[in-house]
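What follows is one structure encoded as structure tokens, with my remarks underneath.
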Amino acid sequence: MKNRNVNRWAFEQFERQYRELLRLKKTASSKNLKTIDDTIDILYELIYEVSDISSEPLNSRIFSEIMSLKKIRPFLPFTRKFSQDIDFYIRDRYVYFPKISDDDLFAIIYDFYKETLDKDMFRVVKGMIKRHDRYVHMDRLMDNNFCPFALFLPYYRKTHIFLDRKKTVFDISNMAHEYGHVLQYLMNFDPVYLSDDMFFAEIVSTFFELLSLDYLKQYGEFSSASIQRQADIYMEYCDYSNLIGVDYLLLSHWKNLRGRERQKVKELETILEDYLRTRGLISYDLEGLLNLDLPASFAYVLSYLFAIELFEYYKKDRDYALFLLKCLIDIDLSVSNEEYFKNLLGLGLKPEENLNQYKKHILEPKSVIF
């Protein structure tokens, strides 16, 4: 069975590695066994597991969603201000973006990371960027709605990036995002980092995504598209944050409803439509809301708010911001979300503290930190 998200060459490569690890496991020392097992699990999910939650019974999907939202609940207050900021100004969506080759794309990424990082941190990702021909997959990806992702194989200490080029500024900012994952994987990795329950896994990658867009603003041919993308990201996550609140409200109410499933669905749909209509948002039915997988999006929303804080530190003091970045990467990934959150606060990173400053920054096109 071939995973729909990888091309034939990538599938064959990863399957060879998977078979190799199964053989190595038989004679591995106790020191290497855990790393081998972790890598086997990652490869198995990539190669063989293709989940389709939409085929599950509605009640089962609702129960899973409620359990996920229960984990999110302690952190929802920290996104309240952001989710209410839905009047954010968006510029014209259609902006010029020049055609760039794959070689140009990686040249830009290389220069961006070289200028952004100190020498020690740049050395961590330098080789992975230079060998993009081996570790970045951009051709014949099998899913039309493909989302870029980075895959770390701890036994081999290598990261593979999958990205379907859009021929827009997304290519650069998405690539910068994924190499942010590469940096964190290589500096500190734990399998829990890949868990859906890890709410802070996107901070480092999102920080570099935001930073890359500011980096591009200094070049005339990329400036308009970068300015637009910065604003779009703000609104996208603002909308997601608002919808997560809607999701939480509705599914909390679900437990109080009585009657047959059909009656419950009908009542929830009515509540949902009224709730969204009063807020000027697009209306979703219950199943459409579940299909958005909003609990998974929460990690991106919360990480975005912390990435903004790190970005604002970078504006003021590059060296100190990089020091904070290293401290953030060094946080033990196996701790609970609550403990991880306390560690972030201990570094002086507080969600929404500098949100207004960042909003002002992206509304002023001439404001560039490079």
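Computed from a prediction, not measured in an experiment: that's the story for all the values here. Because only heavy atoms are used, hydrogens play no part in the values below, and waters and symmetry mates are left out as well, while side chains stay in. Numbers here simply count residues along the sequence, with the first being 1.
In summary, Glu20 and Arg23 do not engage in a salt bridge, as defined by a charged side-chain N under 4.0 Å from a carboxylate O. Note on Lys217 versus Asp214: salt bridge recorded, some NZ/NE/NH1/NH2 to OD/OE distance being below 4.0 Å. Salt-bridge check for Asp171 with Lys167: failed, with every basic side-chain N at 4.0 Å or more from each acidic carboxylate O.
Here the shortest heavy-atom pairing between Ala201 and Ser303 reads N-OG, 4.0 Å. The nearest pair of heavy atoms linking Phe208 to Phe112 is O-CZ, 3.6 Å. Minimum interatomic distance between Val95 and Ala225 (heavy atoms only, all atoms of both residues): CG2-CA, 3.5 Å. Scanning all heavy atoms of the two residues, the minimum distance from Phe149 to Leu46 falls at CZ-CD1, 3.9 Å. Nearest heavy-atom pair across Thr116 and Tyr314 is O-OH, 2.9 Å. Lys126 approaches Tyr110 most closely through the heavy-atom pair CE-OH, 3.4 Å.
With a 4.5 Å cut-off on side-chain heavy atoms, Tyr185 and Val204 do not count as touching. Inter-residue side-chain proximity for Val125 and Leu117 is flagged as met; some heavy-atom pair is nearer than 4.5 Å. Considering only heavy atoms from C-beta on, Arg229 stays 4.5 Å or farther from Leu216 through its side chain. Side-chain contact between Tyr248 and Ile72 is absent, with no heavy-atom pair separated by less than 4.5 Å. Annotation: side chain of Tyr135 is not in contact with side chain of Thr159 (no heavy-atom distance under 4.5 Å). Between Asp190 and Met198, the closest side-chain pair of non-hydrogen atoms is not below 4.5 Å. Between Pro154 and Ile42 there is a side-chain heavy-atom pair separated by less than 4.5 Å. Asn291 has its side chain within reach of Arg61: a pair of non-hydrogen atoms, C-beta onward, lies under 4.5 Å apart.
Other residues, nucleotides and ligands place more than 12 heavy atoms under 6.0 Å from the NZ atom of Lys326. No more than 12 heavy atoms of other residues, nucleotides or ligands sit less than 6.0 Å from atom CZ of Phe323. Counting heavy atoms of neighbouring residues, nucleotides and ligands inside a 6.0 Å radius, atom OH of Tyr240 does not exceed 12 of them.
Of the possible polar contacts, one joining the Ser336 side chain to the Glu339 backbone as a donor-acceptor pair under 3.5 Å is found. A donor-acceptor pair under 3.5 Å is absent between the side-chain atoms of Asn354 and the main chain of Gln357, judged by distance alone. In terms of modelled atom types and a separation under 3.5 Å, the side chain of Glu353 and the main chain of Glu309 share no donor-acceptor contact. Between the side chain of Ser68 and the backbone N or O of Ser64 there is at least one donor-acceptor pair closer than 3.5 Å. With Tyr313 contributing its side chain and Leu349 its backbone, the two residues share no donor-acceptor pair below 3.5 Å. Using a distance-only test at 3.5 Å, with no hydrogens or angles considered, a donor-acceptor pair links the side chain of Asn188 to the main chain of Ile331. Under a 3.5 Å cut-off, the side chain of Arg157 and the backbone N or O of Phe152 do not form any donor-acceptor pair.
In summary, of the residues considered (Phe298, Tyr304, Tyr358), a ring pair (Phe, Tyr, Trp, His ring centres under 6.0 Å) with Phe82 occurs for Tyr304 alone. Screening Thr39, Asp41, Ile40 for a side chain to side chain contact (heavy atoms under 4.5 Å, CB included) involving Leu43 leaves a single residue, Thr39.
Here the straight-line distance linking atom OH of Tyr340 with atom CZ of Phe306 works out to 9.5 Å at 0.5 Å rounding. Lys71 NZ to Asn337 CG: the interatomic distance, rounded to the nearest 0.5 Å, is 9.5 Å. Taken from CZ in Phe222 to OH in Tyr215, the straight-line distance is 9.5 Å, to the nearest 0.5 Å. Once rounded to the nearest 0.5 Å, the distance linking CD1 of Ile100 with CG of Leu105 reads 5.0 Å. Atom CZ of Phe106 is separated from atom OG of Ser101 by 10.0 Å, given to the nearest 0.5 angstrom. Expressed to the nearest 0.5 Å, how far CG of Asp247 lies from CD1 of Ile66 amounts to 9.5 Å.
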- Query: Can Leu183 and Ile329 be said to form a side chain to side chain contact (heavy atoms under 4.5 Å, CB included), step by step?
  - Reply: CA-CA 9 Å; Leu183 179 70; Ile329 291 175; 4.2 Å; yes
- Message: Would Glu312 and Lys316 count as a salt bridge (charged side-chain N to carboxylate O under 4.0 Å, His left out) here? Give the steps.
- Response: CA-CA 7 Å; Glu312 287 297 318; Lys316 301 168 189 173; 5.3 Å; no
- Task: List the steps, then state whether side chain to side chain contact (heavy atoms under 4.5 Å, CB included) holds for Lys34 with Asp38.
- Result: CA-CA 6 Å; Lys34 184 179 185 306; Asp38 289 341; 2.9 Å; yes
- Message: Apply side chain to side chain contact (heavy atoms under 4.5 Å, CB included) to residues Ile369 and Leu211 and explain how you reach the verdict.
- Response: CA-CA 9 Å; Ile369 64 176; Leu211 209 57; 3.5 Å; yes
- Task: Show your reasoning for whether side chain to side chain contact (heavy atoms under 4.5 Å, CB included) applies to Gln13 and His137.
- Result: CA-CA 12 Å; Gln13 176 189 9; His137 315 284; 4.0 Å; yes
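His160 and Phe162 have tilted rings, their planes meeting at an angle from 30° to 60° on a 0 to 90° scale.
Residues forming a salt bridge (Lys or Arg N to Asp or Glu O under 4.0 Å) with Arg123 (at least two apart in sequence, or on another chain): Asp120.
The same ILVMFWY cluster, assembled from side-chain heavy atoms under 4.5 Å apart, contains both Tyr113 and Tyr219. Phe75 and Met67 fall within the same hydrophobic cluster, where Ile, Leu, Val, Met, Phe, Trp and Tyr residues are linked whenever their side-chain heavy atoms come under 4.5 Å apart, directly or through other members. Cluster membership check: Leu22 shares its hydrophobic cluster with Tyr155, using side-chain heavy-atom separations under 4.5 Å among Ile, Leu, Val, Met, Phe, Trp and Tyr. Residues Tyr156 and Tyr44 are members of one and the same hydrophobic cluster, defined by side-chain heavy-atom contacts under 4.5 angstrom among Ile, Leu, Val, Met, Phe, Trp and Tyr.
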Without placing hydrogens or testing angles, list every side-chain donor-acceptor pair under 3.5 Å for residues 172-180, not counting sequence neighbours.
residue	atom	partner	partner atom	Å
Ser173	OG	Val169	O	3.4
Ser173	OG	Phe170	O	3.4
Asn174	ND2	Phe170	O	3.3
His177	ND1	Glu209	OE1	2.9
His177	NE2	His181	NE2	3.4
His177	NE2	Glu202	OE1	2.9
His177	NE2	Ser205	OG	3.1
Glu178	OE1	Ala150	N	3.1
Tyr179	OH	Met128	O	3.3

